[in-house]
Each structure stands twice: as structure tokens, then as C-alpha cells.
Trainee: 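Let me give you the structure first, and then I'll get to my questions.
It should be emphasised that the depicted structure is a prediction, and the values quoted were computed from it without experimental measurement. Order of the sequence lines sets the chain letters (A, B, ...), proteins ahead of strands, with each chain counted from 1.
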Amino acid sequence: MSALLWNLVLALLWGAVQDDMSLGTLAIGFVLGLVLLAFISPQPGPSPYARKWLDILKLLGLFVREVITTNWRLALEIATPGIKSRPAIYAFETEARTELEVTLLLLIINFTPGSLGLEISEDGKVLYIHNMFTTTREAFIRNMRENVERPLLRVLR
Amino acid sequence: MREVITAVFLGVGALAMLLAGLGMVRLPDLFLRLQATAKAATLGVGGLLCAAAVNTGSLGGVAHALLTVLFLFAITPVATLLIARAAFHAGVPLWKKTGENDLAEKYRAEARPPSADSLIDGQ
Amino acid sequence: METGLILAVGMLYAAAIYCMLRRSTVRLSLGLVLLGSATNLALFTTNKVTRSGPPLLPKDGMLAGPVADPVPQAFILTAIVINFGMLALLLVLVHLAERTVGSDEMKHLNTEVPPPSVPHE
Amino acid sequence: MNSVVLRAVARTMTPVLLQLSLVLLVRGHNAPGGGFVGGLMTSAALILYLIAYGTGTVRRLVRVSPLKLMAMGLVVTLGTAALPLVTGQPFLRSAWTELALPWGGHLALGTPMLFDVGVYLVVVGATLGFILALAEGEGSEGGRKEDL
Amino acid sequence: MKNLLILPVLIPLAAAALSLLLPARAGLRRALALGATAALTGVAAGLLSTVWHQGVQVLRVGGWEAPVGITLAADLLSAMMVLLSGTMSFLCVVYSAGSLEARQEAGAHYPLVLVMLAGVCGSFLTADLFNLFVWFELMLVASFVLLALEAERERLEACLKYMTLSLLGSALFLIALALLYAVGGSLNLADLAQRLPGTRQPPLATAAAMLLLAVFGLKAAAFPFSFWLPAAYHTPPVAVTALFSAMLTKVGVYALYRTFPLLFAGDLGLTQPVILAMAVLSMGAGVTGAVVQYDVRRLLAFEIISQVGYLLVGLGLSTRAALAAAIAYWVHYVCAKSALFFVTGAVERVTGTHQLEKMGGLSRTHPLLGLLFLVPALSLAGIPPFSGFFAKMALLRAALRAESWGVAAAGAAVGLLTLYILMKVWREVFWKTPPQEARGSPGSLAVLGPCVVLALVMVGLGLGAQPLFVLSDAAAGQLLDRDTYIHAVLGGGP
Amino acid sequence: MSGWFEALLRGVLTVLGASALLTLVRLIIGPTLPDRVVALDLIALQMVGGIAVYAMLTHEPGLLNVALVLAIISSLGTIAIARYLFQGGKGEP
Amino acid sequence: MALLAILLTGFVVAPLAPLLVRVSRRGASVSLGLVPLGLTVWLASLVPQALSGTPPSFHLPWVPGLEVALTLRADGLSLLMALLITGMGTLVVLYAGAYLQEDPRLGSFLGWLLCFMASMLGLVLADNALLLFICWELTTVSSFFLIGHDSHQEEARQAAMRALVVTALGGQALLLGLLLMGWVAGTLTLSELPTAGPALREGPLALAIVLLVLAGAFTKSAQVPFHFWLPSAMAAPTPASAYLHAATMVKAGVYLLARLSPVLGGTPVWQGALVSVGLVTMVGGALLAFAHTDLKQILAYATVSVLGTLVLLLGLGTPGAAQALVVFLTAHALYKGALFLVAGAVDHAVGTRELPLLGGLRKAMPFTAAAAGLAALSMAGLPPLWGFIGKELVYGAAGHAPGGWGLALGAAAGFTLLVGSALRVGLLPFFGPRSERGQKAHEGSPALWGPPLVLALGAVGLGLVPGWIQPLLEGAASAIAGPGDKPLELALWHGLTPALGLSAVSLALGITAYTQRERLRRALVSLRLERWGPSRLYTLGLAGLRRCADVLTEQFQSGSLHRYTFLTVAVTAGLLALPLLFRMGVPEGLKRTLHLHEAAVLALLVLATALAVRTRSVLTAIMALSVVGLTESFVYVLLGAPDLALTQVVVQTLTVILFALVFSRFPVKPTGGRSRLQDAALSLAAGGLISWALLHASALPPQTRLADAYTSRSEPEAHGRNVVNTIIVDFRALDTLGETAVLATASLGVYLLFRPSRRRKPA
Ligand code: NA
Ligand code: NA
């Protein structure tokens, strides 16, 4: 977290010395700071801070891919006659533990087109997910696990 | 240039919104329609707001647009959970072609709250 | 827009009055909400400056073009808030009335009985 | 256990909303906003909290009872309004001062802003009063726990 | 000291806010209310004297000139009404102290009364129509709560009905304001008065006048708009009812008096006959309704409608004599009606009921109560030498001289019926052999004191009627002298 | 502002309007209350989008503020409805 | 000044009466009796001056703006009446002290009696018409309390109400009449009115004035058809009856007519009304007296008859008639007062006033019997009593009038019947066998038999020595009809005149009527006059009023909020339609451009509203309302009002939350659809009218004066760029102040109504 703060301070410094606090200037400052912080590391390879950013980028990538494909399918579904999808509701045992993790997981799941969290069990371990374009239960759970849950938890932990 | 980027965002947003509207009419059950709004609308509003953010270019504009998207992102799932749960309790039927339903198992054990009857609202 | 809006306002009034005439406290409160909306819009249509920008002055210098009349806006702002307060009060009354007589129908609450015809000179 | 999500969202979003409401209050004199909307937004933020955590928590959070908040607001508006009477000025006459900011520029401060703060307090107190009264009424009747 | 004009609003409002901030103790709230109403009465007396000596007084709130800012203006009528409200509210507070339970006193009764008072005084003093709307609403909301306070079934019913019609009235009020703003470009009374005559669309102004007539008629409980009143007035404690009768309906009448001579004086032909018709219908409908009432408070409530009719006669005729008579009638009537409510309250405390059938024999057991009832009752019926006689006679005289024979005849006939009704009450309450033994006591000095004071006022205004008529005549003169008011409100800088 | 861009903005507004009317159809036909709530939520979002577009059309970035508040508040309304109206004051959600 | 003192004394002493009674029951009436006695003496001392041509007068302004003044004037007529009032008053007060000795409310009775006396004095001494009216109304009020003295009896209460309603009805008419007179004549001073006589008699309002004044006088003086209140007023204690209903109050009407004779008299309407009504009343009253057996009832009807005679005399309007009037008036006061007091004494002694139950009391009650006999002879018009002189003058006046002897014959018919009544009242209780009820009867205290005896002896004395009162009577008569062409001749013997012949005949016939009294009575009773009489009319009138009130209440105050709302809207719409539909055409210059997205917004608004109205489910309606609210705020965005949009959207959502909170708690049944069509029609009409008005408003040229002022001054003077905000927190901050108070009060109300203690209240 402190690294992020440093990054922000660097961005502000960048803007302040140029006497230009506009959004573009600050953004450039932030990216430069990020690059700096990514390389200032005692260990070899990318710093933990940079790794975090990479994880986030990866998550985003997966996410965007998912958004595009399923939205496309959704669009086709709505725009063409007849409904071809066969929805189902699956219980999904999550590995997320903390409140924040569960919440964020759910947010991500919901933002993923085609799947929608409908309920969480009382102990918070099982998510019930409505899925629009499923083939099998196994395929769905695998997809959730690998393309949504793991990348998210990697970012968070 | 800025107008072109804006136009792209606008196009995506408008299309998503239109789809959401169509979906509301066309999709056969509540949960599918929930899907449509939760995604298409978020995408649509996101697109339109991003267009506005790009178009104005001011910090305030961007902040407003981002804040709005962020908030919607955070709050919509919560609403979805509450509505879905209420719908189940009320016995809102699923589309007949829906496949497996794990939630039905869960709810079978629970008693349906009596007050929920009033929710079924045949006009 | 203006003309269409005015016609819509008339329709809103009709709807509001119709709701208020429905003999149910709940409908009555719905009617009052509609009445508030209708009235606000009616105030809004009074002066013929429409589709102009908001009455916000730019940071430096004067206005570029015409702006909407701020006066009805100030009135409506006041009216909205007052209406909201009244509505909250009304809802509580409706609720208490329902609690007391077990119905939202006005007639069940009625205690204004016809006067007794006592033969007095 | 949906409340997990609700609470998490409420906890993160309420401060944002409160901040936003203050923005609306402060800049109302120059941009859309002002005491009313600011106050209403504050109440909205607290309602989100209420939905997630129940009325008791909101009461604890606000500390002052809505009724007192309202009365305080009234006293502020009335006081601001009556202040000019002391100097024989007309009621509600506004007074302005320009405050030079250390980083340059200046900030106009005036009694209308204080007046708006009074309005803000009244609105927060009043709307919160409505909601709390009704929500607590609901809680006590169904005999259910206050928190979700 | 122009700021004198804001004090009648500020004092009660500040006292209300303070009593909510301070601990909820009966004594504290009572003291605050007593102090505030007494101070208000003093201020009002000062205001009246200032207006009498120096003419129309004006306060440009915030220092903004009309019509940019809101202007408060006090002519004789406003000042008289403020003084009357102050006095009545003081007496009502005293009466409350004697008749309410400590629980009620420690509750919101006093703050609500004060808020209502602020709304009433604001309505009397403002020279801006939208501001009038705001004060109306303030007064209304306080009265709604006062009416519903204990949430018993009857009170809920009464409040729901009152509230529905009132809120309908508020909506109509705003439509009227919208039309007036469209026609005149302002809602300042003086500014509008100046601009309306030259407007391009006079019928639209007349439409606004008609709406205002309905709105103010609704507040005033003039006949076809009076339904809420008998439904509402018999449920709350007497202290509240008396206050309502002294203020609520009167504000409606005042608004008519304020606006019509000023704004629609040239409009003619249409509003005047409508007002007269309303006046006569109110007189008749109210008194006829009262004939069959056996709930004493409901009976008095019906009576209010007919008395409002008398007040409207002045406006309907709009001659100086008629206006003066109506204003004098107004003062008399507020005192008489409040006194009647107070006394019936004491009677209810004795008999434990407000049903006429269940009362009786009080002239033998409580002769003082009898006397205290008789004075306002006879006064209200226009029996000499009490205040009501001169007021009613002046009104009839003005009606005759305006050659409104029907109005004069109606006035006389309704006077007769009023006498019949009130003496019916007398017969039932004070003469009839009581069907059940009355055990209660009429109450302390705080209950009887206001009755005595008002009885003395009525005798005083009868035997010494001249000053009241001089004052009313001057007030009527000011009402008809539009230019002075317009000039005072618009003229000059702050 | 170029002509095509303004035309596009108006077109988008019209699309949003059409979409909102479609959504209103769902609100009207229901058949269940949750269906209607979902439709209402969507209409609010369409208006948020509409405001954003209108802000561009009129060069009033200040309107984005309204869009933000509308988005926040309408979601809050949906939650409150779901929470209070559906639960009927009973049971734990 | 003396006059003022005389007037005020009674009013000042009256409230002291209850206190005095509390001090000493026996002494009170004696000491109070000194007051009228003293006034009598005082008044008597004014007689010379009164007759001198410049009568004593007094003037004090009271309410100049209304022409009300304390103007007093004591001419002959006034003084004669005043002396009657105080003289009778003295005796009645003394009598009442004894008569009501056991009554716990003697004090209040004496108080009202004195109050009445003072009012009556004021009435006759007033020279200002409105002062006269004030006293007139005061007599009405005090008589109400005197009649209703025995308030535990339903009969007394009803009688009091009757008298009040009838006389107050006349009072209202009189007031209107007097006000009209004052307007036409330009003065309300009675002594100045005759100069305006022509204007009053011939102006366009003459008829109205005469009819209104007559209505007042006829009700007060119990003329047919208003006479019925008088017999029922016999429920009053006898002293009150003697005083009010024989000697004084009922004469007020006659006095008024006499007073106004010089002003309004002489016109055909006046004469015709007075003569005809007087004649009918005279004969009718005398006839009805025979139908009754209760002493007081007989006397009451006989009084009605005499009042008719007096009115008839006024109608004749000649100086001779006026002379007859004053003589006959005094005669009647003396004998009728005496007879009433006798009736009271008998009642007091025997416990009944029913003739069949009375008889043979002359030995047990010799003084009373003597008083009764003398008074009855005076009433029967036998010489040498005062009544005889009066009657002769009446015949004479009638004979000399334009109507001629027809009138005299009519009068004779009346007198004939009166003779019969006089004999019944004066003889029957005292002669014949002693009745069972009267076995233990004995003479009461001197205060019970003294006053009637004094009055009866007065009748004898005046008859024998009429000279000393002649100047006063002449003065009184000339105040009515001007100085006569021949002086008043008060003698027992005028020679063999036609009048004497008539007297003899009527006496003979009267005695016959007396002997045939039972047959006559039965005949009258079998006619069942009360079924058709005005008394019945009065009852029917009240019932009609009640019925009318019932219907009105059912129709308008039915308790149905639906009806209240419906009527309110309908009336308002009607009012609005007057200018809108009849004075305005189609608005011109409306803006008709409508973009597609705007059309969509309006469609949304309209459809959502329609849904809110149409749906049977309240929850759906709430959803629809939300859409309406959202659309509204979008309209604000479109039309340049972001502040409104913000506020509306937040308020709208909070409203929905409130609805959700409230309606989550009770199931709402779909409501029934009574009178849908009617309601829909009204709603559409109202909405249409409002639209119509707004369309016209929007067609007007824009008003930019205020808007320009605010936009140009907002930043430099109010230091804000958001003009709406500067308006609400600075330019028009007072609105905002009030508005926050509204919100706070509403919230306080919600809190109060919903606090925990209230919530747990069982249903
Ligand atoms: Na604002
Ligand atoms: Na100011």
C-alpha cells in the first residue's frame, strides 16, 4: 500500500514542479513513477509492487476478454429470434475467505456477462451463480476457478 | 480525434443500452433479464460516461464518470442479490428451459416467508 | 417540448386527482405524489425560456447565451422540499390509520356519523 | 449471508457518499448543489449504512438525535438570519469576507453559506428522522433484530 | 426599527427551536411559550401603534428591494391581525397550561403552537405571494401535527381529511402563482398590483383569481370549501381547537382581504359576485349544519363556517364601510369564538362529555360558567350591548347601503339562527335536568382566566365600540388605498 | 461541435429513449414485482446515460454531477425497495 | 343627565340582586323594590318639564360611526310608559319576593327582572332608533331568562325558546327597517325623523321599511299570526307574566308603532296593515280566551286581544284614536297586571290555576277577591272604572274614523268577548261553592295581595278622579298623532252617545257569553285551532329547518372524503372555467418543435402515469411513480435546471424508500371501483382546464425582468455563480427559512406520531 502512496506522491511531484495539475500530466507522472518503482527493488526481477500491477493487468485482460465474448453472445441472443441459451444455477464453493474477498469475487462474477451471483450460503462459502451460456457444471466451475477466482485472489493476497 | 473516441464509446454504450432494453422485453425470465441489466446496463452506462469523460477532458468530468461507474459496479450486485433472493422467496418461476438449479435444493429446506405472497402481482 | 409538456402536466393532474378520489388512503398518498410532480412541472412551464442552459454563471465573464429562468426553479426547489415533508407526514398518518382500523379504505375510518334526529323544538 | 456483500459495499461507499454530499453542500453557491441536496445526500449515505447495519448503528454513528440536529440547524439558520439585527441591518442581510488563501487566490466566505449549513443540518435531521422513525417502527413490530 | 416586522415570525420560531433543544420539561416549555407569546403580543402592539402613527411599515428582508427580495409589509389590517393572533395565542397557552396534562405539556404541544403562530404571523406580514405560500405551509404542517398528535382514530381521520384538502389547496395555490408569474412576471404583491392592469391576458389573471379564491376559501372554510372543518375541529384538545378557530381560517380570510382588493380590484364583474355568493352560502350552510349537531364542538365548528361568511361579506361588497364592518366583526368574532371554545372546554371538564344530550343543569351548579358562556354566545348572535351587535349591525348597514338586499337579509336571518343555536346549547347544557351527575371541576384560574378576559373584552368592545370602529375604518381605508401600499412596498431603496 | 457529432449525440439520445420505452413495457407487463424493480433500475440507468449524453450536447459538464447523484441514489432506492418492500419486514435477507 | 341616571340605575342594581338575596331573602325584594319606586318618583317629577314643550333630553355619543348614541328624550308618551314601567315594576318586585320566597334562584329572577325593567325604560326613553333597538333586544333576552326561569321544566324551556325565536325574528326585521330608515332619513334620532317623514313614506324603500318595522312590532306585541308565543310564555313565573306580558314588554311594539306613527303613519299600507291585523287580533284573541280554562291562558289571550285593539287604534291614526290608545293602554296595564297577580296569588294558595278546580275563595282570600273583582269590572268596562272610560273612547275613536261604525262594531264584538272573560277570571274562582283543592287556601303575605289591590284601586281611582293624569295622557297622545282638534275628555258621563249604547249592548252580550261559556268553549275546542294555527306553523318550520339541515349535512358533510374532494375539485374547476372558457380563445404562438428524445421522455411520463393510475397493485403504482419522478428530473435536466434535477431525484428516491418502509408493513388490497367514470370525467376536466390555462400562459411573451436582475446581480452582489442558489439562500432566503421550518415540523410530527410508546398501542 505504501508503494502505491509513493507512486501517487511521485505523480503529484511531477505535476507540481511543472505547475500543471491537469489530468494528463498527472497520469504521465503516475506511469513514470510506476516504472521507477517497478525497478527499484532489492530482489531480482520485477518488484512486488510491479508484480501486483502485472497481476492486475492480467486480471483485467481476462476480464475484458470475458466481457467481450459473453456480451457478444448476449447481444446475439437478444437481437436474434428465439432464445438458444440454456441457463442454470450452480453452487460454487469458493476459496475466498475474508469479507472483502467474497465481495470482490461476487462483483467480478456479476460483471462477467453471463453469470450472476444470486445467493451466498450462510457460512459464506458457497456462491449460487446463475449462468446463461453453460455447457456442463464442471466446465463452468473450472472457468470460474481459473479465469475469475484465482486471478482475483492473486491480486488481493 | 477526441470526437472519434467519444463516438466509439457512445456507440458501444448506446448499443449496450438498446440491447438491455430489448432484453428486458425479450428474455423469458427474471434471472435472464437481471443478467441483461446487470451487464448491458453497466456496460452501457460505463460506455456513455466514458464518452462524456473523454469529451469533456476535465478532471472533474473524468472523476465524475469514473466515480459513477465505480459506484454502479459496486452496488448493482448487491441489488441483484437482494432482488434474486426476494424473487426466489416469492416463488417467481424460472424459465422452463432452465437446466440444473442448485439453489432450489437450498431453498427447499427453508420455509417460504408468508408475507412474500403479496409480491406475486398478477395484474 | 413546451406544449407537449403542458399537455402531459394536465394529464398528470388528471391522474393525481383521480388517484385522490379512489377512497383509499394509499391511493391518496400516491395521488399526492403525482400532484406534487404535476405542480412542479406546471411551475416550470410558466415562463417561456426553455431548452436554454442552466442559470449557472461561468467562472469568468458573462453568459454566452440565454439561460433558463432561475425564479421558478427557486420556487420549485422550495415546493419539492415542502411536498416531501408533507408526504412523509401523510404516510405516517396513513400507516397509523391502517393500523387502527386494519384497512386502507377511508370509509372504515369514518366516524363522522350522520347527526341524530332528536326531536327538539 | 448476502449482508457480507452489503456491509462491505456500505462500509466503503458511505464515506464516499458523505464526502460527495459535503462537496454538494460547499460548492452549492457556485454550481448545482447546496444545503438541500447536500443534506439529502448525507441522509442517503446514512440510509445505505442503515440498510446494511440497522438503525442502532446509524444512531450511534450520528450521535446526536435527529431531532436535536434539526433544532440545531434551525438555530443556525435563525441565528444567521437574525445576526444583522444586532447592528440594525435588515433581517437576513448577508455579509461577505474574502479570505486570502496561502497558496494564492482567495475564498469568498459569507453568511449565506452559514445559512446553507443550517439548512443542511435541518434537512439531514429531518430526513434521517423520517427514515429512522419508520425503520424502527418496522423493526419493533416484526419483532426482528435491528441489524441484518 | 423596520426589523420590528420580522419579530412576530422570529420570536415564536426561535422559541420553538429553543424548546426542542432544551430538555423536555413541562415547566420549561410552558415558560418559553408564555414568554414568546407575551413578547409577540407586545411587539404586535408596538407594530400597530407604529403603523397607526406612521403609516404602512415595510421591511426589505436581506436588504434586497422589491421585487428582487422578499418584502414584509404591515398595514393596519396586518398589524391588527398580528396583535389578535398574539393575544389569542397567549390566552391559548395559558389555557393549555390549565387544561393539558403535564405529559402533553412536556411534549411538542407548545413548540407546535409556536411554529403555527410563526406561520400565521408570516402570512399576515408578507407582501410576496410565494412567501405567503411558504408561511401557509408552515402553519398547515404545524396544524396537521397538532391535530393528529395523540393518534386516536378520530384525530387520524380528521387529520387525513384536513390534510388531503389542504394539500390539494396548496397545489392549486401553486398553479395560481404559476399563472400570475406568467402574466405579471413577479410574485411581489405590489409589483403584481402595478403590472396586472396592463397585462396582455386579463382573463388569465382572473383564472388565477378564481384559483386563489378556491385556495383561500379552502383555508378560510368558506362554503363549498368547508368540508374539512367540521371533520377536524371536534377532535383535538380545546386549547388547540380555540387556536385553530382564532387563526387558521382567519389566515385564509386575511389572504383574500390582502390579495383581492390589491390585485383584482379592477377585475370585476366576476370575482365580486362569486365572493358574495360564497359569503351567503357559507352563512347559510354553516348555521344550518349547526342546527342538527349535538356534539357541542362540532356545532361550534359549523358555526365557524357561517361566521366566515360574514367576514366575506365585507370583501364581497368592498365598500369602505363594508370592509370596516367586516374587520370589526373579525376582531369581535375571534374573541367570541375562542371564548366559546374555552368555556365549552371548561364545561366538558365538568360534565366529562361533549355530547349535548349528556349535559345539563349547569346554570344551577356553575352559574359562573353560565355567565361566561352567555357573554360570547350572545355576542356572537349579535345581541347588544356586546361587541357582536355593533359588528353585525355595521355589516348589515353596509350591505343595505350597497343595496345588497339579499346579503342583508341573509345576514339578519343567519343572526337569528345563530341565536337559536347557541340558546339551544344554553338550554341543553345549562337548563336541562342533567341526565347524569357531573363530577368534574371546571379547572383552575388558568382555564377560567382566559374566559373571563375574553368576556370582558367583548363587553368592552361593546360598550366602547368606537375605538375599534375607528381603527377598522382606517384599516379599510388602507385596504382600498392601493397606491399607498404599492408605493410603500416598491418605493425607494433599502 | 461538428454536425455529425451532434447528430450522433441526438441519435444516441433517441436510442436511449426507445430503450427506456422498451423497458417501461416490462415495467408495465411485469408480471412479478421483482421484474418491475429490475425494469425501474434499468430506466434509472438509461437516464444516467441520457444525462451524460446531454451534458456533451450542451457542453455542461456540470450535468455529470447530476448523473452521478442519480446513479447513486437510484441504486440506493433499488436496494431499499428490495430490502424493505420484499422482505415485508420479516425474516433475515 | 337625570335621564341617563334613571336608565342606568336598573342595569347597575340588577347584578347586585343575587348578592342581596344571599344576604337576606326577605329583605331583598323590599329593598330592591325601592329602586323602581324611587325611579317612579323621579320620573313623576319630570312630568311638568316633559309637557312643557322642551322635554328633558340627554345626548352622549357612543359609536358615532354607526350613528349609535345615548340620546334620551322624555316626552309625554315616553314618560307615561316609563311611569307604567317603574310603577308596575315596584309592585312586581315586591310581589315576586313573596311569590318566589322558596325558590333558590330568586336572586337571579330579581336580577333579570330589574335588567328587564331597565331595558324597557331605555326602550321608551331612547331618542336614538338604534339605542331603542338595543334596549328592544335586551328586553327579548331578559324575557328569555324570565320565561325560562323554571328551567327544569321542559315546558318553560320550550316557551322561552319560542318567545325568543319569534321576538328575535321581529328584532332582526326591525333592525333592517331602522337601518333603512336611517339611511333614507339621514338621521336616526327619533324626534328628528318626522321631518324626514315624506321621504320615508314616499321613497322607493317605503314599503320595505314599513313592512320591516311592522314585522318587529307585530312579533313583539303578539299580533296574529305571531301571537302564539305569548300564551306559551305563561310558563314564566306569574310576576314575570304580569310585568312582561301584560303591562310592559308586549306594549313595546305598540309603543314603537306609536312612536313611528308621525313618521310612517297615514299611508294606505300602514293603515291597512294596522287596522286589519289589529282587528283580527282583537277578535281572535278574545275568542281564543274562551277556549281555555287556565287563568293565565285566559288572561294571555285577552291580552292578545287588547294588543290588537291598541294596534287598531294606531291604524286609525286620528288624534282621537291616539287619545283612546293612551287611556286604554293605561287601563289595560292596571287591570291586567292586577288580574295576573291575582292569578298568581290563587295559584300560590291553591296550587292550580284551572277554573274547574277553583271556586268559593272569596272568604279565604278577601283582599285578593276584592282586587280581582275590581280589576275584572274594569276589564269588562263597567263604570265607574278606568276601563270604562277607555272603552268609551275606543268606541268613539272607531266611530269617528274613516272606517266608520263597521270598525266600532268589530271592536264591540271583541269587547263583548272580553266581558265574558273578565267575568270568568274575576268571579269564578271566588264565588260559588268552595272547591276541593281550595279547602286549605288562605290569604298569603301582604306582598301577595297588596300589589293587585293597589292596581285595582288605581283603576277605580283614575275612573273617579281622572283629571290629574289628563295632562300627561294628552301629552302622550299628542306625541302620537299631534294635538287633537278637541281636548281629551276624561269623564264617566258624556251623555247618551252611540258609544254608550254600544257599551250597554256589549255588556249585555258579554254577560250572555259568560253564562254560555261552557258551550262556547266546547265549540272552540272542537275546532282544534292549534292544528292549523301559527303555533303549528312554527313547529313545522323548525322541523323543516332540521330536515333541511339533515339533508344538507348528509349531502355535504357526509364524512366521505371522496365526496369532499370531489366537490372541492368540481367547484374549483367550475370557477376556473368561468374565465377560461368564456373569455379566452385558442392560444396563439405556441412552440411546437419536439425532438425525438423529448417525445420519448414525454411518452415515458405519460405511460408511467397511466400505469400508476391503472394498476390495481399499489406496489406497481409505486414503481410507476418512481418512473414519473425520474422522468421529471430528466425534464429538468433537459430544460436547464440541474439543481432541480438533483433535488427531485433525491427526494423522489427518499419518497420511494418511505413508501417501501410504510407499505412493507401491511398488505394493500386492491380498491373498489365505485364511481370510476364520474371521477375520471372530473379529473380529466380539471386536468384539461389546467393545461388550457398553462397553454395560454406559455403563449405570453417571456418575462425576463426578474431573471435578468438575478443573473446580473448574482455574482457581484450575492457572490455566487449558481443563480438558483443565490436566490434561495440570499435574495429569497426568507422562503428557505420558512421551508426548513416546514420540513423540521413535519419531521417532528413523524417522530411524535411514531415514537415507540405509540407504536405498541394495540389495534
Ligand atoms: Na442549490
Ligand atoms: Na441575505
Trainee: What pair of heavy atoms forms the shortest contact from D:Ser94 to G:Asp730, and how long is it?
Mentor: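 Taking every non-hydrogen atom into account, OG-OD2, 3.0 Å.
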
Trainee: Sub-3.5 Å donor-acceptor pair from the side chain of G:Asn725 to the main-chain atoms of D:Pro32, do we have one?
Mentor: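 Checking the backbone N and O of D:Pro32 against the side chain of G:Asn725, no donor-acceptor pair under 3.5 Å is found.
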
Trainee: Could you walk me through whether D:His29 and G:Asn722 pass side chain to side chain contact (heavy atoms under 4.5 Å, CB included), step by step?
Mentor: CA-CA 5 Å; D:His29 215 53; G:Asn722 181 354; 5.9 Å; no

Trainee: Are there over 12 heavy-atom neighbours, none belonging to D:Gln19, within less than 6.0 Å of that residue's CD?
Mentor: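 Atom CD in D:Gln19 is not packed in, count stays at 12 or less.
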
Trainee: Determine the minimum heavy-atom distance between D:Val122 and G:Thr740, stating which atoms define it.
Mentor: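 So the two residues come closest at CG1-O, 3.5 Å.
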
Trainee: Examine whether an atom of D:Leu74 lies under 4.5 Å from a heavy atom of chain G, and if so say whether it belongs to the side chain, the backbone or both; otherwise answer neither.
Mentor: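 Contact with chain G involves the side chain of D:Leu74 alone.
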
Trainee: At a heavy-atom separation under 4.5 Å, does D:Ile131 approach chain G through its side chain, its backbone, both, or neither?
Mentor: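 Both parts, heavy atoms under 4.5 Å.
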
Trainee: Go through the steps to decide whether D:Phe91 and G:Leu734 satisfy the test side chain to side chain contact (heavy atoms under 4.5 Å, CB included), and finish with yes or no.
Mentor: CA-CA 9 Å; D:Phe91 187 73; G:Leu734 192 59; 3.8 Å; yes

Trainee: Can you say whether G:Ala746 sits under 4.5 Å from chain D via the side chain, the backbone, both, or neither, judging by heavy atoms?
Mentor: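 For G:Ala746, backbone and side chain are both near chain D.
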
Trainee: So which of G:Leu737, G:Val651, G:Thr647 has the largest heavy-atom pair count under 4.5 angstrom toward chain D?
Mentor: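 Of the options given, most contacts go to G:Leu737.
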
Trainee: What part of D:Phe130 gets closer than 4.5 Å to chain G, counting heavy atoms only: side chain, backbone, both or neither?
Mentor: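 Contact with chain G: backbone and side chain both.
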
Trainee: Considering only heavy atoms, which portion of D:Leu132 lies under 4.5 Å from any heavy atom of chain G: side chain, backbone, both, or neither?
Mentor: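 No part of it gets close to chain G.
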
Trainee: Minimum heavy-atom separation for D:Met70 to G:Ala744, with atom names?
Mentor: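 Scanning both residues completely, I find the closest heavy atoms to be CE-O, 3.2 Å.
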
Trainee: What's the shortest heavy-atom distance between D:Gly129 and G:Ser747, and which atoms?
Mentor: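 Looking at all heavy atoms of both residues, the shortest contact is CA-OG, 4.0 Å.
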
Trainee: Might you work through the side chain to side chain contact (heavy atoms under 4.5 Å, CB included) test for D:Leu134 and G:Ile657, ending with a clear yes or no?
Mentor: CA-CA 10 Å; D:Leu134 290 166; G:Ile657 293 177; over 6 Å; no

Trainee: Show your reasoning for whether side chain to side chain contact (heavy atoms under 4.5 Å, CB included) applies to D:Phe36 and G:Leu646.
Mentor: CA-CA 10 Å; D:Phe36 285 119; G:Leu646 275 178; over 6 Å; no

Trainee: Is there a donor-acceptor pair under 3.5 Å between the side chain of D:Asn30 and the backbone N or O of G:Gly720?
Mentor: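 Here the side-chain-to-backbone pair does not exist.
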
Trainee: Between atom NE2 of G:His719 and atom CE of D:Met113, what is the distance when rounded to the nearest 0.5 Å?
Mentor: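 Nearest 0.5 Å value for the NE2-CE distance: 10.5 Å.
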
Trainee: Find the distance between CG (G:Leu752) and CG (D:Leu67) and round it off to the nearest 0.5 Å.
Mentor: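 Spacing of CG (G:Leu752) from CG (D:Leu67) equals 7.5 Å.
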
Trainee: Which atoms of D:Leu78 come close to chain G, meaning under 4.5 Å heavy atom to heavy atom: side chain ones, backbone ones, both, or neither?
Mentor: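 For D:Leu78, backbone and side chain are both near chain G.
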
